[in-house]
Amino acid sequence: MSTKALQFGTYRKEVDAWIAWKAIVRRQPDMVADLVPRVAPLKPGVPDDGYVLLAAPLPDLDPNFVCRRIVGGGGSCLVVDAPAGSTGDRPPPAMEDGDGNGVVTYTPDQSREMVEIERQASRLSRLAAIVPGSDAQVDVGALKASRWNLCSLTFDDGPHPSVTPRILDILRNEHVRATFFPIGNVAIRHPGIIQRIVQEGHEVGNHSLTHPNMRNLAADAQRNEVAETNRILSTAGADPVLFRPPSGRYNQETLKVLQGERMSPALWNVDTRDWFTRDADKIMAQLEATGTIGSVVLMHMTYNATADALPKAIALLRTRGCRFVTLSEWISSLNSLATPRIAQK
């Protein structure tokens, strides 16, 4: 059975295809949120013959349905066979949740919810998008008057024994501080990496003990996922104040548990989809389309493709005016301009 992709047009130059993709994202952001773009030569190995702009739907989505939705919204696309040799933009096999390297395989249900978080973020205030339950608003005039230009790079899962140190090397060379959300039962195997994260000035958050769906757990089990991970991380010198629920899944019990632990939930507003594509060029294409001042960028510390893309990602966001801070600093800075302010933990 052939793999299907969506085709949006053909172009003389590769750069023209990427410009076209950005225009599509601006016109129909909700329609294309479930897509991962790619540009390929019209004829394999013959770039002078032109390029085609393609996109693959996220897992478990019917390309025909997605294309009809785009056309119904005033756009245009065709469903075509993916180019020969394409893997359909499906990620390579990966280890399951909780393996010793912290690599997580995301299911179709998880992927849909993660994409929806980014989609909802475009409709919410910056603080409400990142801190669930917050009704704090920040006036655009206040942002302009303060010349607010903060961005935060965040890395989930892991730590991975080889990829995470690569990411740390890049951040050190680029003089960028970031926020890491490790899994507790993986972090316990790699305390030295957690210690290095802390020593190099980064923030360590909490990403649960076993990477479960928090909604499926009773309150006591949720509390154990958070508290035991805090204990593990504290032995390596970390003091987490932010909790990122796995795949963004939480409920009111989660928020109550976090309040009892004097922690805040923390989501994202820009998803690089590295967890899906495992491809540096596609990671950059996603960031090109969505990254700007105010971005809280979701990445993962377990994929070599993320490390490969990271220097270019930092350079891109810098050209767009970003000054990098940890996520707690991002929240605190925006909160100082908000009305009403969210509770300080």
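In this text the structure is predicted, and so the values were computed from the model without any measurement. Side chains included, hydrogens not; waters and symmetry mates left out as well; all remaining heavy atoms used.
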J.: Give the C-alpha distance, both sets of side-chain angles, the deciding distance and a yes or no for salt bridge (charged side-chain N to carboxylate O under 4.0 Å, His left out) between E288 and R320.
T.: CA-CA 10 Å; E288 282 266 5; R320 295 183 176 179; 3.2 Å; yes

J.: Counting C-beta onward and ignoring hydrogens, is there a side-chain heavy-atom pair between F324 and R318 closer than 4.5 Å?
T.: yes

J.: Give a yes-or-no answer on whether the side chains of S332 and N335 include a donor-acceptor pair shorter than 3.5 Å.
T.: no

J.: Group every Ile, Leu, Val, Met, Phe, Trp and Tyr by side-chain heavy-atom contacts under 4.5 Å, then state whether L317 and L150 land in the same group.
T.: no

J.: Between T210 and E225, is any pair of side-chain heavy atoms under 4.5 Å apart?
T.: yes

J.: Assigning hydrophobic clusters by single linkage (Ile, Leu, Val, Met, Phe, Trp, Tyr; side-chain heavy-atom cutoff under 4.5 Å), is I130 placed with V297?
T.: no

J.: Side chains of T272 and Q286: donor-acceptor distance under 3.5 Å anywhere?
T.: no

J.: Do M114 and R273 touch side chain to side chain, with heavy atoms closer than 4.5 Å?
T.: no

J.: Does any part of the side chain of V163, heavy atoms only, come nearer than 4.5 Å to the side chain of T302, both counted from C-beta?
T.: no

J.: Could you tell me how the ring of H300 sits relative to the ring of Y303: parallel (under 30°), tilted (30 to 60°) or perpendicular (over 60°)?
T.: tilted

J.: Excluding sequence neighbours, so at least two apart, what forms ring-ring contact (aromatic ring centres under 6.0 Å, His included) with F181?
T.: none

J.: Could you tell me whether the side chain of D281 reaches within less than 4.5 Å of the side chain of V39, counting heavy atoms only?
T.: no

J.: Linking Ile, Leu, Val, Met, Phe, Trp and Tyr by side-chain heavy atoms under 4.5 Å, what else ends up with V71?
T.: none

J.: What's the shortest heavy-atom distance between Q110 and S247, and which atoms?
T.: NE2-OG, 3.0 Å

J.: Is any side-chain heavy atom of H202 closer than 4.5 Å to a side-chain heavy atom of L168?
T.: yes

J.: Taking distance alone, no hydrogens or angles, what donor-acceptor pairs closer than 3.5 Å link side-chain atoms of residues 235-243 to residues at least two apart or in another chain?
T.:
from, atom 1, to, atom 2, distance (Å)
T235, OG1, I232, O, 2.6

J.: Looking only at side chains, do E261 and N206 share a donor and an acceptor under 3.5 Å apart?
T.: no

J.: So how far is it from S264 OG to L327 CG, rounded to the nearest 0.5 Å?
T.: 9.5 Å

J.: With hydrophobic residues grouped by side-chain heavy-atom distances under 4.5 Å, do L127 and W268 end up in a single group?
T.: yes

J.: Is any side-chain heavy atom of D308 less than 4.5 Å from a side-chain heavy atom of R166?
T.: yes

J.: How about L143 and R126: do any of their side-chain heavy atoms sit closer than 4.5 Å?
T.: yes

J.: Parallel, tilted or perpendicular: which fits the ring planes of F180 and F155, with parallel below 30° and perpendicular above 60°?
T.: parallel

